[in-house]
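What you see below is based on every heavy atom in this structure, not just the backbone, and it leaves out hydrogens, waters and symmetry mates. Chain A is the first sequence line, chain B the second, and so forth, proteins listed ahead of strands; every chain is numbered from 1.
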Amino acid sequence: MIEVRDLHDWPTTEAEAVAIQERLRPLVRTDGEPAEVRTAAGLDVDYRESADELVAAVTVLDVATASVVDSAVVRGRTDFPYVPGLFAFREAPALIRALQELAVVPDVLVCDGQGLAHPRRFGLACHLGVLTDLPAIGVGKTPMSHYDPPGEKRGDWTPLDMDGDEVGRALRTRTGVKPVFVSIGHRYALQPACDLVLRLTPNYRLPETTRTADRLGRQST
DNA sequence: GCGACAG
DNA sequence: ATCTTGTCGC
């Protein structure tokens with residue numbers, strides 16, 4: 001089962017949350033790549049009930065076949081508001097509970113949001129990666145950083161720039177479709193992360209992991 | 001000062 | 001995230 005490191009309590013105020021991000025930021029490992037990625041977890045949160053009632057869904061896919069080999073759903077509440085840059089403090093607690101219910105430990109967490117492509121270089125993917133010490137990457141639908149549009153072909157990419165740092169890539173997963181925004185979460189280098197995202201997007205813009213997790217959360221009212 | 005700002 | 005009509009394309 002997945003062990004979660006006890007690195008902090010969940011904060012109430014924005015100032016506490018920012019302090020936690022700055023304290024944990026040095027723990028991120030920006031290198032590495034699993035020897036073999038056989039399974040990948042997709043994580044997603046739904047808010048269908050109300051603004052503070054959420055459903056966290058995790059699916060583990062066999063990457064080769066795109067079949068779901070394990071999953072978990074957790075219902076929860078949040079009092080932490082949606083604040084861009086403090087996203088993890090809203091979604092991570094429930095996602096972590098869902099991760100702890102998995103029987104299969106995935107080779108990588110594919111998170112719905114940013115990793116290093118974050119104002120303090122510590123987005124949701126970094127946070128979940130550091131707390132579980134599992135390899136993790138972030139795949140966002142909307143960027144927080146500047147980028148020049150990549151070429152129109154699947155596989156084309158341009159760097160994501162934030163304050164002069166290359167914090168990730170705008171990656172075209174489908175020809176002629178808006179790119180996704182890939183960044184390092186933990187223990188997974190950027191090039192392998194983009195390779196994995198392309199493996200997970202044979203048919204759609206978003207990774208199969210994200211899609212199955214999204215459907216699971218949506219179905220479990 | 002004002003707008004923009006992952007989901 | 002969610003609220004929503006029509007439209008284009010495979």
Salt bridge check, [Y] against [X]: does any charged N sit closer than 4.0 Å to a carboxylate O?
X	Y	result
A/Asp195	A/Arg199	no
A/Arg211	A/Asp44	no
A/Arg5	A/Asp133	yes
A/Arg120	A/Glu22	no

Do the side-chain N and O atoms of A/Thr59 and A/Thr212 include a donor-acceptor pair separated by under 3.5 angstrom? yes
Distance, rounded to the nearest Å, where [X] contributes [atom1] and [N] contributes [atom2]:
X	N	atom1	atom2	result
A/His146	B/dA6	NE2	P	16 Å
A/Asp44	B/dA6	CG	C1'	12 Å
A/Phe80	B/dG7	CZ	C1'	14 Å
A/Leu124	B/dA6	CG	P	13 Å
A/Phe87	B/dG7	CZ	P	7 Å
A/Glu14	B/dC5	CD	P	17 Å
A/Arg120	B/dC5	CZ	P	16 Å
A/Asp112	B/dG7	CG	C1'	7 Å

Check whether any side-chain N or O of A/Ser183 sits under 3.5 Å from a backbone N or O of A/Gly168 as a donor-acceptor pair, and report yes or no. no
Is it true that a side-chain atom of A/Thr175 and a backbone atom of A/Arg154 form a donor plus acceptor pair closer than 3.5 Å? yes
Would you say CG of A/Asp9 has more than 12 non-hydrogen atoms from neighbouring residues, nucleotides or ligands within 6.0 angstrom?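 Counting other residues, nucleotides and ligands, CG of A/Asp9 stays at 12 neighbours or fewer.
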Would you say A/Arg38 has more than 12 foreign heavy atoms packed within less than 6.0 Å of its CZ? no
Interatomic distance, CD1@A/Ile96 vs CD@A/Glu91, rounded to 0.5 Å, equals 12.0 Å
Roughly how far, to the nearest 0.5 Å, is CG of A/Asp107 from OH of A/Tyr188? 8.5 Å
Indicate whether OP1 or OP2 belonging to B/dC5 is found under 4.0 Å from a side-chain N or O atom of A/Thr142.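 No, no such contact exists.
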Would you indicate, yes or no, if B/dA6 has its OP1 or OP2 atom less than 4.0 angstrom from a side-chain nitrogen or oxygen of A/Tyr82?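 Answer yes for this pair, as a side-chain N or O of A/Tyr82 is under 4.0 Å from OP1 or OP2.
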Base, sugar-phosphate alone, or nothing: which one does [X] contact when heavy atoms must sit under 4.0 Å apart?
X	answer
A/Gly138	nothing
A/Gly123	base
A/Leu86	base

Leading and trailing nucleotides of DNA chain C with any atom under 4.0 Å from heavy atoms of chain A: C/dA1 to C/dT2
Is the A/His118 to A/His127 ring centre distance short of 6.0 Å? no
Please give the stem ranges for DNA chain B, sorted by first residue number, where a stem is three or more consecutive Watson-Crick or G-U pairs and both donor-acceptor distances are under 3.5 Å.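 The stems: there are none.
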Using nucleotides 1-3 of chain B, report all nitrogen or oxygen pairs with the protein that are shorter than 3.5 Å.
none

